[in-house]
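We name chains A, B, ... by the order of the sequence lines, and we start the count at 1 in each one.
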Amino acid sequence: MRIRCPYCGERDNGEFSYLGDAAPVRPDGMEASAEAMHDYVYLRDNRAGEIRELWYHGAGCRAWLVVTRDTRTHAIGEVAPARDIAKARAVTPAGSASHA
Amino acid sequence: MLDRTPDFPSPVREVGPSQKFRTATGGLIDRRRARDFTFDGRTLTGYHGDTLASALLVNGVRLVGRSFKYHRPRGILSAGSEEPNALVELRSGSRREPNTRATMAELYEGLEATSQNRWPSLSMDALSVNALLSPIFAAGFYYKTFMWPASLWEKLYEPMIRRAAGLGRAADAPDPDTYEHAHAHCDVLVIGGGPAGLSAALTAGRSGARVILVDEDFCLGGRLLAERREIDGVSGPEWVEQAVAELKNLPEVRLLSRTTLFGVYDHGAYGAVERVSDHVAVPAPHAPRQRLWRIVAKRAVLAAGAIERPHVFGGNDRPGVMLAGAVRTYLNRYGVLPGEAPAVFTSSDDGWRTVADIAAAGGRVAAVVDSRLDVPVPLRRMAEAAGAQVVAGGQVIGTRGHLALSGIDVRDSYGSTLRIACDTLAMANGWNPVVHLDSHLSRRPVWDEAIHGFVPGQLPTGMVAAGAASGRLTLSDALESGARLGAEAAESCDFRATATATPRTDPESTAHTPLWRVAKPKGKAFVDFQNDVAASDVELAHREGFRAVELLKRYTTLGMATDQGKTSNLAGLSIMAELTGQKIPAVGTTVFRPPFTPVAIGAFAGHHRGKEFRATRHVPSHAWCLENNAQFLETGLWLRPAYFPRAGETDWLQTVVREVETVRGKVGLCDVSTFGKIDIQGRDALAFIERVCANPFGTLKVGRSRYALLLREDGFVLDDGTVSRLADSHFVMTASTANAARVMQHLEFCRQWLWPALDVQMVSVSEQWAQYAVAGPRARDVLRRIVDPGFDLSNEAFPFLGAAEITVGGGIPARLFRISFSGELAYEIAVPAGYGDAAWRAILQAGLPYGICPYGAEALSVMRIEKGHAAGAEINGQTTARDLALGGMLAKKKDYVGRLMKERPALTDPDRPILVGFRPVDPSQRLRAGAHFLAVGAEPSLAADEGTMTSVAYSPSLKHWIGLGLIRRGHERHGERVRAYDPVRGGDVEVEIGAAAFVDPAGERMHG
Amino acid sequence: MRYSLFSVLGQALRGQRDWTPQWRDAAPKAEYDVIIVGGGGHGLATAYYLAKEHGLTNVAVLEKSHIGSGNVGRNTTIVRSNYGLPGNIPFYEQSMKLWEGLEQDINYNAMVSQRGVLNLYHTDAQRDSYARRGNAMRMAGIDSELLDREGVRAMVQFIDFDNARFPVKGGLLQRRGGTVRHDAVAWGYARAASDRGVDIVQNCAVTGIRRENGRVTGVETSRGFIGAKKVGLSVAGSSSLLASMVDMRLPIESHVLQAFVSEGVKPLIDCVMTFGAGHFYVSQSDKGGLVFGGDIDGYNSYASRGNLHTIEDVMEGGMALWPGLGRLRLLRHWGGIMDMSMDGSPIIDRTDIGGLYLNAGWCYGGFKATPAAGFCFAHTIARDEPHPDSAAFRLDRFATGHVIDEKGMGAQPNLH
Amino acid sequence: MAEHATLWRPRGAWDLYAQAGRHGRREGPAGVTVTPREGLALMSVTAVDGAEDRLAAAIRDRLSLSLPEPGAALFSGETGLIWSGPGQWLALAPARGDLDGLGAAVTALAAVADQSDGRAVLRLSGPDARRVLEKGVSVDLHPRRFGPGRTAVTSVAHIGVQLWQRDDGPTYEIAVARSFAGSLWSWLEEAAAEFGCEMRAGG
């Protein structure tokens, strides 16, 4: 399998390590519930089809990436730096905070 | 056309003996270079350019091996990698290669081949008695028997079956040759060097695209080398020579012959193996035996050709029965005549080419049996001119002879049986495109009614099929489709390519009416030769319900031999289709798995064997350790000094005791560079550390270090280490040797994904710093002689858990931490790794007056056990902070990784085992890690299991063995006695529970 | 027809003419007491034990393809009960005991071969953790032996003791472990279940699970609706897909595991051997092929094939351990879809939906569990309560913290 | 202290492994020439989020180099800046101490960490240098895809490396974590053997 690292270009999947589905979001903060944390840590959709997943380019630039990949065919769509996506995600609550 | 790579030096000898069946002229062998070889100890001669198979045939050797199950005599069926029968042991001793296809083995001087799966000899094989028992040994026979009594399976039946099974014998010693890997990238990968592949490579290559052409043969040209064909007025081999010459002149074209493209993987990745040295007796100096290529290609043109189908009739496995295309290959390419009285059994026009070629070589043909009633008149005339008896609408139903073919029984169109004497039978029953590679990515081939065979269906992205591999079986189609698809492939990589006009070829016919099996055969009609699967076995599978193609395959073993059913799968399907009244494609197709042909395991491993299996990491003091007889141990990839024996010390324990006593009494030096070191900077560095560590850091001042406990999000302990604050927003975190990489990945995950808004810059500095523990009551005295003047080492100025950036050796930057794993007054000093060797020697020299000694990982471990510190055996991924008696340090007022999940009921159950210390009640007894705890007097059982001993050591301080372990409610049970039960080592020791810290529990020494 | 010396010899004389299908290829009835979804080893074993142990014969096994088309026919055929944690130990030992009596029980030779399973260790720390496991086994009455280097050398002379990157120091041996002819397990259970009246319905894909008032009432299939009082899911890598039909999310990811077989050769190795310093384990089949494997590819996948990186990793392990393998050839490699659970241990349990039961999360170890998984799952379905031997395999253990994490790798399926 | 001064000499990262002289094939000119690069100054520079522009300016002032894009390595004489990850570069200068003061020059714009001793660096040149590297490097090194001024962080023989090309001779430099130097050398020695490999004395 070849993964197009947005920084390093296309590399063999052996250069990366895999974490899993990028959909679950960690329930941050002291208010988070144990139930929400359980779901985040343990439950997965495990879809047959296109999913967004976290890969770490450990043998390359050490970037965490969000890879859109079809689990039936391994076909890869978009590959984006996880940090950029995470920042965009963080902006949403921050945006509402800007009213404060 | 012969390979022009330098042949391994061997004498040029004009003529060998015998070679009885060699044509007078012609062929692509080099008649000036004779090659002696042995088969079953008998010396024979062939020529350079022969394969082992052609050299055997030319010497009249028909019987080459014995079949897998019935030990039937077998000869040579094909002239290529599809060969199911002619498997031999090639070479001997540590280089012995079992199951080597004689059809693919290039002849070299001194080649040694031995037949296999026979005893005592090939012609007198005792187990050929199995053939007589074949009525019993039908498919699936094993599942119905050998059950009475059950105990005899392992003792009698199975060893018997195993001895009889298998084919060749593996080498009897480690492989002495080497293998290597190489990577290649290209725009267009062309798989197969026949007419289609060469045409594709030419058009793509001329465009300037980067092209790689791979072919499993040692000569490029494919069937052009095997047939008498003309292209634009020149012979096939001449056309190939011109094409190859042009390709060699194109700078971006790489030709890899002797290279099998064995696997297609995701996203344009391909695996290929190049047999660099298999055509010589021993690899040349510095040359690998084989090279495994990992090829990445934007586009691929699959031009792997087609494989001819055998007929299914009685005794079709008799040595002398061959594929017609193979007969022509041996004749035209190798100059080998097909015996003295060849016959042809065909269901297609191209089978008649065999007759024409034999006639052209001056040979006589005994008979032509065509299963079709309507035979074109010119073909019939041509055959009759060659002396052949022609039987149209006939079928070969059986064969005669024992170890080799002596005649055939033919049923003619009137139902009468004719006996025809012949010593070779060439079978032509149409061709199957090589669809193996395109099915590696789970694509299924589709049925093509025109060729009565499977052709590629939806191909993997970027791949197209050309020529025979696509079902276009004529030469002109191969040339046309190859050139066109090569050009298209280059175009799609942004090169300008043009397909040149298709060359003219002589006319050919692909007319073919497949004969799936002969009705009422005489004797066993084999479908899968190598696995001895006959048509009757397919019938039995049908009868017993094994009708789905995968069930058929698994029940009968059809297609599971070393040839992976290249000549048999379709025949099996066609019989099942007939039995179930379905069309062939409705029965299904088997999924071809990689590799295309078997690949040496050594080639996959390449460089990574023996000591090079994995990299070895050396500590900065490694050179000194080598000079001073250090003994090493493995921790992950690291080779760490374990202990440093001195003259007169006779066992490791004696050495370790001396090292510990020296540290506890004087001072010692230990290389702890293997710990991970992570530099963390940024405005939010502290906030980041708070979130990844479970204990609080808010009060950590600049110039101080603190123990750091990291949890996984599921609440179990991930690792522990220290965090030191070097400046307001500059920290360095350590991680354990074993977990360093995992911790770094985890921290990057937290930084990039969980909390991307934090201003944190992080980089590993593990390799920059050599870090040494200087421990013992005299540690400060030693360091005073190392640290540059001006730094105050006094307890007041630099107390326990101090951290400082200092200089040593007159201005070399260094770091000093007052942390202690041993429980003694101790420092860890870090110097740039290049100075690591110097610092090690300098510290030892500075410590001489104080009696310093180096100590290794073993002594370090003893001292940490004496101090009750948890390490890898306790932090094993199954323990919580509370289990390790570290619950008290968990922060309560911050969120951190693992905070919530560690509170799950089972993880806070007070009955969980907790870390405590153990000492033997009888101090002379030895403890062992891995023992389980039982109440005194309890019967061993899972229910009675109270926990396990995790680490043990002989304590030089206490003069007896001590242990750390986790036992239920251990912290409440100090003073209680339990058994440490270790049945796998015969141990059963009564131990007393106590505090985990055995030495200086108050920690006065390290604070001093 | 019962298999006996008499019937086998008789048929040899009669040209094997009278054999009949080994199981009935049934058409689905309108309704069953129990439907087992998944005609793999586990599903067929479950049906057999429902009939044999609980007298439930109005049972159907629904298989989307043909029986045995999943992992039961793609694994490396190893059976063992050398686990170290109390949640696993009794279950796998129960399985081992069922293997030991299987052939007589179902009158089918699955070639259960107790040739020994040897786990090699390479460091003192590894030795101690193997000892911990071996001791746990012994306390449960299971055989296990800790061998030193010489003990290993007596069993396997050909491995690299001298020039190894990670020298072999010894091994943990379970002599009762071994191999079983994998396909035959599916066929044997199918035949035995069919003989007891179970319907084996092939080419019948489940497309939905019908519920009323919180209870299942049947399944929608490619062959129409089939009613059922109880439905047991036993579909390995497809577990999450079936669960999603009732809006359940599972602590499972589907991963691809590759397996390998070499060309057949004369006997080389008599036991099953695992490398302790890399991903490689190997045994030799009765046909002579070396059957071996290593780590999973490491990413979620429903495509039953893997990639080159993992293949090289496995072969490197093989060559490092056994340098004589160099000239042997890899014949075939393939992939199966593993239901990797979050703690590396399985689930046999009821669900929150009445009449719906789950057997899943077997990671790469489901084959050895086949008899006990069938036995315990049948018990769970028939009695509506866990069998004592599989009592730890609860679905709610992730919430309660009763995880069974043999490797200590945490909630990261690809590390188990 | 004076008697200790002679002790404090740095040790080359390759000293223990790579002996100067000819390795592998002895006949003909060496296909590959390997030169250990000892005594370099190396420093990792990690940008503070949002400060890249100011960092680029500060770096230009200090090193006369702009910040290379991903995959690029810029050199001015023997001083270079090599991209090594998102927002991260490896600064390189010929002699230990040459980069002293870089940290001060980029205060608040980047975190710097000395890596002079953390990496072991080799220079590879000669007609077969690319063919040797292609045995271990999975990145496409063809001149159309990789040339002077390009860098890749990747692995060779399971060892993490950073590779960059200096000129189209071609000359490459390859950096590896110091503790792995011995294993990298044993791979290189085997891969280069068929071409003949000349190991120069450190420089």
Quick one: which residues of residues 178-191 of chain D reach chain B at under 4.5 angstrom, heavy atoms only?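 Residues of residues 178-191 of chain D touching chain B at under 4.5 Å: D:R178, D:S179, D:F180, D:S183, D:S186, D:W187, D:E190.
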
Segment of [X] engaging chain D (4.5 angstrom heavy-atom cut-off):
X: B:A184; result: neither
X: B:L637; result: side chain
X: B:L292; result: neither
X: B:S764; result: backbone
X: B:D684; result: neither
X: B:W638; result: side chain
X: B:A623; result: both

Nearest 0.5 Å, please: how far is [atom2] in [Y] from [atom1] in [X]?
X: D:D140; Y: B:H185; atom1: CG; atom2: NE2; value: 4.5 Å
X: B:Y835; Y: D:R11; atom1: OH; atom2: CZ; value: 14.5 Å
X: B:L844; Y: D:L7; atom1: CG; atom2: CG; value: 10.5 Å

Do you know the tightest heavy-atom contact between [X] and [Y]?
X: D:G24; Y: B:H286; value: C-NE2, 3.3 Å
X: D:D117; Y: B:P832; value: OD1-CB, 3.1 Å
X: D:V48; Y: B:R683; value: CG1-NH1, 4.4 Å
X: B:A838; Y: D:W8; value: CB-CA, 3.9 Å
X: D:S116; Y: B:Q768; value: N-OE1, 3.1 Å
X: B:V763; Y: D:A113; value: CG1-CB, 3.9 Å

Which atoms of D:V156 are under 4.5 Å from chain B, going by heavy atoms: the side chain, the backbone, both sets, or neither?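 The answer is neither part of D:V156.
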
Based on non-hydrogen pairs under 4.5 Å, which of [options] is most in contact with chain B?
options: D:S44, D:G196, D:A13, D:G136; answer: D:G136
options: D:L16, D:D49, D:L141; answer: D:L16
options: D:E134, D:R25, D:E194, D:H142; answer: D:H142
options: D:R144, D:R131, D:R119; answer: D:R144

Sort out for me which of B:G836, B:A770, B:G810, B:A833 touches chain D most, counting heavy-atom pairs under 4.5 Å.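 Among B:G836, B:A770, B:G810, B:A833, the one with the most close pairs to chain D is B:A833.
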
Chain D interface, residue from B:E180, B:R210, B:Q681, B:H608 that has the most non-hydrogen pairs under 4.5 Å: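 The option with the most such pairs is B:R210.
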
Within 6.0 angstrom of [X] [atom1], more than 12 heavy atoms from elsewhere:
X: D:D15; atom1: CG; answer: yes
X: D:E69; atom1: CD; answer: no
X: D:R22; atom1: CZ; answer: yes

Heavy-atom donor-acceptor pair, B:H181 side chain to D:K135 backbone, under 3.5 Å: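 No; judged by distance alone, with no hydrogens or angles, the pair does not exist.
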
So, do D:Y17 and B:H618 have ring centers that fall under 6.0 Å from each other?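 Here the rings of B:H618 and D:Y17 have centres that are less than 6.0 Å from each other.
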
